[in-house]
Amino acid sequence: MRRLFSFVLLGALSFWACSGDYSTETSYVEIADISLPSETALSSAIAFSSGNLSSGALLSSALSSSSVGSSSEESSSSAKVSVLGLPPAGFYKTLNFGEPKASQGGSVSCTMDGSEPKELSSPVLYSQTFTKNTVVRCYEFVDSKVVAKQTETYFIGESVKMPVVALSVPPVFFKDYVAASPCKPDPCRSAAFWDDVEFPVHVEYFADGSSSKQKTFEIDAGISIMGGWSRNQVKKSVSVVMRKEYQDGRLKYPLFETRPDAKKFKAFILRNNGNRFVSDYIEDPMAVSLLEGSGVDYQRSRQVVVFYNGTYYGIHDMREKLNEHFVETNHGIDSKEVDFIKHTNKTIKVANGSAALYEEMLSFAAESDFSELSGEALQKMSKMLDISNYADYMAAEVYFHNGDWPNNNVRAWRSPSQPWRFVAFDIDHGFDWEWNVTGFSQETNMFDWIAKGGSADCKNSTSAFCFHNMFVKLIQSQVFRRIFINRACVLYSLYVNSSRVAANTDAMVSTMPASDIARDINEFPRDDYWYFNSCGGGFETDGSCLKKWAYSRDAKVREEYRQNFGLGEDVTVSVSTQGNGYVTIEGARLPTPEYQGLFFAGNPIVLAAVPSEGEFVQWEDGSTENPRVVTPAKNSTYRAIFN
């Protein structure tokens, strides 16, 4: 179980404190720095964080009353009111900082190191001029209780074109976790950054970088180190979780442009690009983004620049956190009704709910004969597994050429109304990746890799609890095999292909200006890692090797299907509609009235004409069969007519 700590470290810090009535007059006068009394400078305390302390600079209702006692379910917009008289966070050339002002007749204590202020017995007053990035956190105390709070990050002389995430964290978290140097042997489990510990964090977001007129949102939350072996990099991935212990249970803001309607988040992560830290910024978020519109779940993301307590920490991949709350955000299903699992080798970990029905599904697949012609086993399986989603998910992973799968990186969820669905997750070892797991290379046929269970504990295992064996059993069904192959053809023609790889790569690169990339690489050099991708290049910023790899993958993946299933030559199939309706191929809805894709000659396809209004009349060739089974040949054309 994760431990939650709120640290107040007062040693060797600079504080402000003041008391008295609130005044609307604010003077910014530079005076000499004043040190803390020695007994205060040596003190330190650790206290558990509890209660709903609303950010005074966040909620307009709290701002107007200068109160932190109330809490709303969701938090969103930026603050325009200064509760404690601090100047607004933002980007300055220099800043003359004056005394904070108490709003409710209490005493105000402030820190400049990211830690949460503690009430002082001997308040100290001073003002100063900031000439470097500084985070100021001020709390007002009345009867030893926090009644108002304000956190502002001041960037001095910074120029950042990308969105900025400013994190105010306890110094111990920054020093011993975030900024801890890589250690050996790798992984060095004794390092603090392997601990499952959560610290408090204040998050400020500036959507337009240093051009931002004000912060876009801010919220108090929890933060922890996350990831696997990538923790042992100079830049680490973190998880930011909204909890009522800190402020509110949800952040209400559309974090990702691909889902502007998704405005309520329980958590997000700031990823160091995982294994890809040594190779590029692009591959993993780009790869899963290909699935937008396909119906396969993935973590949406955007690239941002991160600062810890005012210290620059470079480009990170901000993305959705994958858990039951991800399901609630993206599917509108109450998170309390969601079973969410993580499957690695033979180990199934429960992230939420129960794994009982997942294990039951795996066992049923292992014990059933899917080759029987009645299809009874597949019919029963469809009650437990979303067959269409599973087929698309497997086809995507095959294209990605992911060597760190299927024995690893498997994520799935279900609810009472939804059979098990799988989520595309962690494709770091896909595409042009060269530091592969043992036994995997660019020449590996993915169907051979799946059949033997990948690597590690599931290699050549027939255990029901090895994920790959579900595919080994299901593919024995003629019906599932037809569904899988044809839905793969649809997926590859519409979503997962070299044209989309090029477009999505270029779109992602366009969000990272050269100046921001140059600074990140200068601060966190990659050349020392001696990594070379499949094109023979080192760290890439433009994704050229990813695009080159995908151009060859389009044909190569089809050859793998042909070899594994004994399929015919590629043939072009055209499907269109006349009137108000659409056509599905093996249940996959074609998104446009005119569709054309490559299929395999002689492999039957099930077409269905679905009226939006009115009725289906017939197919253009006169057939009224619906659904209908067709056998594609060269330049096959099918047109559905609706009235």
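Everything numeric here is computed off the predicted structure, so don't read it as measured data.
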Which residues pass the salt bridge (Lys or Arg N to Asp or Glu O under 4.0 Å) test with [X], sequence neighbours left out?
X    : result
K336 : D334
E560 : R553
E443 : K556

Are [X] and [Y] close enough that their ring centers fall under 6.0 Å?
X    : Y    : answer
F400 : H429 : no
F465 : H343 : no
F480 : F370 : no

With rounding to the nearest 0.5 angstrom, report the [atom1] to [atom2] distance, [X] to [Y].
X    : Y    : atom1 : atom2 : result
D369 : K473 : CG    : NZ    : 7.0 Å
F265 : R250 : CZ    : CZ    : 11.5 Å
I450 : M470 : CD1   : CE    : 11.5 Å
F600 : I485 : CZ    : CD1   : 7.0 Å
K321 : L270 : NZ    : CG    : 11.0 Å
R271 : S239 : CZ    : OG    : 13.0 Å

Any sub-3.5 Å donor-acceptor pair from [X]'s side-chain atoms to [Y]'s backbone N or O?
X    : Y    : result
N275 : D428 : no
D542 : V509 : no
S363 : E360 : no
R562 : L567 : no
D554 : S498 : yes
N273 : Y281 : yes
E372 : G375 : yes
E328 : S335 : yes

Among residues at least two apart in sequence or on other chains, which ones pass ring pair (Phe, Tyr, Trp, His ring centres under 6.0 Å) with [X]?
X    : value
F599 : none
F326 : none
Y561 : F447, F484, Y492
F642 : F616

> Passes side-chain contact (heavy atoms from CB on, under 4.5 Å), L255 versus Y253? Steps please.
Replying inline: CA-CA 6 Å; L255 288 175; Y253 179 78; 3.7 Å; yes

Is a side-chain donor-acceptor pair under 3.5 Å present for [Y] with [X]?
X    : Y    : answer
S623 : D621 : no
T572 : N635 : no
W433 : E283 : no
E434 : N533 : no
S463 : S461 : no

> Hey, mind stepping through Q442 and N436 against side chain to side chain donor-acceptor pair (under 3.5 Å) and telling me if it holds?
Replying inline: CA-CA 9 Å; Q442 285 294 330; N436 291 303; 5.5 Å; no

>> Please list all pairs meeting disulfide bond (SG atoms under 2.5 Å apart) that have one or both residues in residues 589-643, counting only residues at least two apart or in different chains.
In response: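 Every pair satisfying disulfide bond (SG atoms under 2.5 Å apart) with a residue in residues 589-643: there are none.
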
Ignoring hydrogens, what is the shortest heavy-atom contact between [X] and [Y]? Give both atom names and the distance.
X    : Y    : answer
Y531 : S279 : CE2-CB, 3.3 Å
A633 : V571 : O-CB, 3.6 Å
P632 : V630 : CD-O, 3.7 Å

> Can S544 and E540 be said to form a side chain to side chain donor-acceptor pair (under 3.5 Å), step by step?
Replying inline: CA-CA 8 Å; S544 58; E540 267 193 5; 3.1 Å; yes

>> Per the side chain to side chain donor-acceptor pair (under 3.5 Å) rule, what does the pair list look like for residues 286-295, sequence neighbours excluded?
In response: S289-N504, E292-Y298, E292-R300

>> Applying side chain to side chain donor-acceptor pair (under 3.5 Å) as the test, list every pair that has at least one member in residues 581-610; sequence neighbours left out.
In response: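 Sorted result for residues 581-610: R482-E586, N486-E586, N486-N603, S493-Y595, S574-Q596.
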
> Quick one: side-chain contact (heavy atoms from CB on, under 4.5 Å) partners of V423, sequence neighbours excluded?
Replying inline: D297, L322, R411, W413

>> Going by disulfide bond (SG atoms under 2.5 Å apart), name the residues that satisfy it together with C466, two or more places apart in sequence or in a different chain.
In response: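 If we apply the disulfide bond (SG atoms under 2.5 Å apart) test to C466, skipping adjacent residues, the hits are C458.
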
>> Using the rule given for salt bridge (Lys or Arg N to Asp or Glu O under 4.0 Å), can you reason through D432 versus K547, listing the C-alpha separation, both sets of side-chain angles and the distance that settles it, and then say yes or no?
In response: CA-CA 9 Å; D432 61 346; K547 292 186 283 189; over 6 Å; no

> Distance under 6.0 Å and angle within 45° of the ring axis: does R628 meet both against W619?
Replying inline: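 Yes, R628 sits over the ring of W619.
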
> Yes or no on salt bridge (Lys or Arg N to Asp or Glu O under 4.0 Å) for D317 and R276, after CA distance, side-chain angles and deciding distance?
Replying inline: CA-CA 11 Å; D317 181 34; R276 289 274 175 168; over 6 Å; no

>> Looking at E615, I'd like to know if its CD atom is crowded, meaning that more than 12 non-hydrogen atoms belonging to other residues, nucleotides or ligands lie closer than 6.0 Å.
In response: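 No, the 6.0 Å shell around CD holds no more than 12 heavy atoms from other groups.
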
>> Please check if the number of heavy atoms outside Q478 that lie under 6.0 Å from its CD is greater than 12.
In response: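 It does not: Q478 CD has 12 such atoms or fewer within range.
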
>> Please determine whether salt bridge (Lys or Arg N to Asp or Glu O under 4.0 Å) holds for the pair K346 and D457, giving the CA-CA distance in whole Å, both sets of side-chain angles, and the decisive distance to 0.1 Å.
In response: CA-CA 7 Å; K346 299 175 184 178; D457 294 346; over 6 Å; no

>> Testing W420, F364, F340 one by one against Y358 for a ring-ring contact (aromatic ring centres under 6.0 Å, His included), which residue passes?
In response: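 Option passing the ring-ring contact (aromatic ring centres under 6.0 Å, His included) with Y358: W420.
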
>> side-chain contact (heavy atoms from CB on, under 4.5 Å), that's the test. Do L378 and L474 meet it? Break it down for me.
In response: CA-CA 8 Å; L378 186 63; L474 277 171; 3.8 Å; yes

>> Run the side-chain contact (heavy atoms from CB on, under 4.5 Å) test on V472 and H468 for me, step by step, so that the C-alpha distance in whole Å, both residues' side-chain angles and the decisive distance to 0.1 Å come before the verdict.
In response: CA-CA 6 Å; V472 170; H468 76 282; 4.1 Å; yes

>> D339 vs S354, test: side chain to side chain donor-acceptor pair (under 3.5 Å). Steps then yes/no.
In response: CA-CA 6 Å; D339 293 332; S354 168; 5.5 Å; no

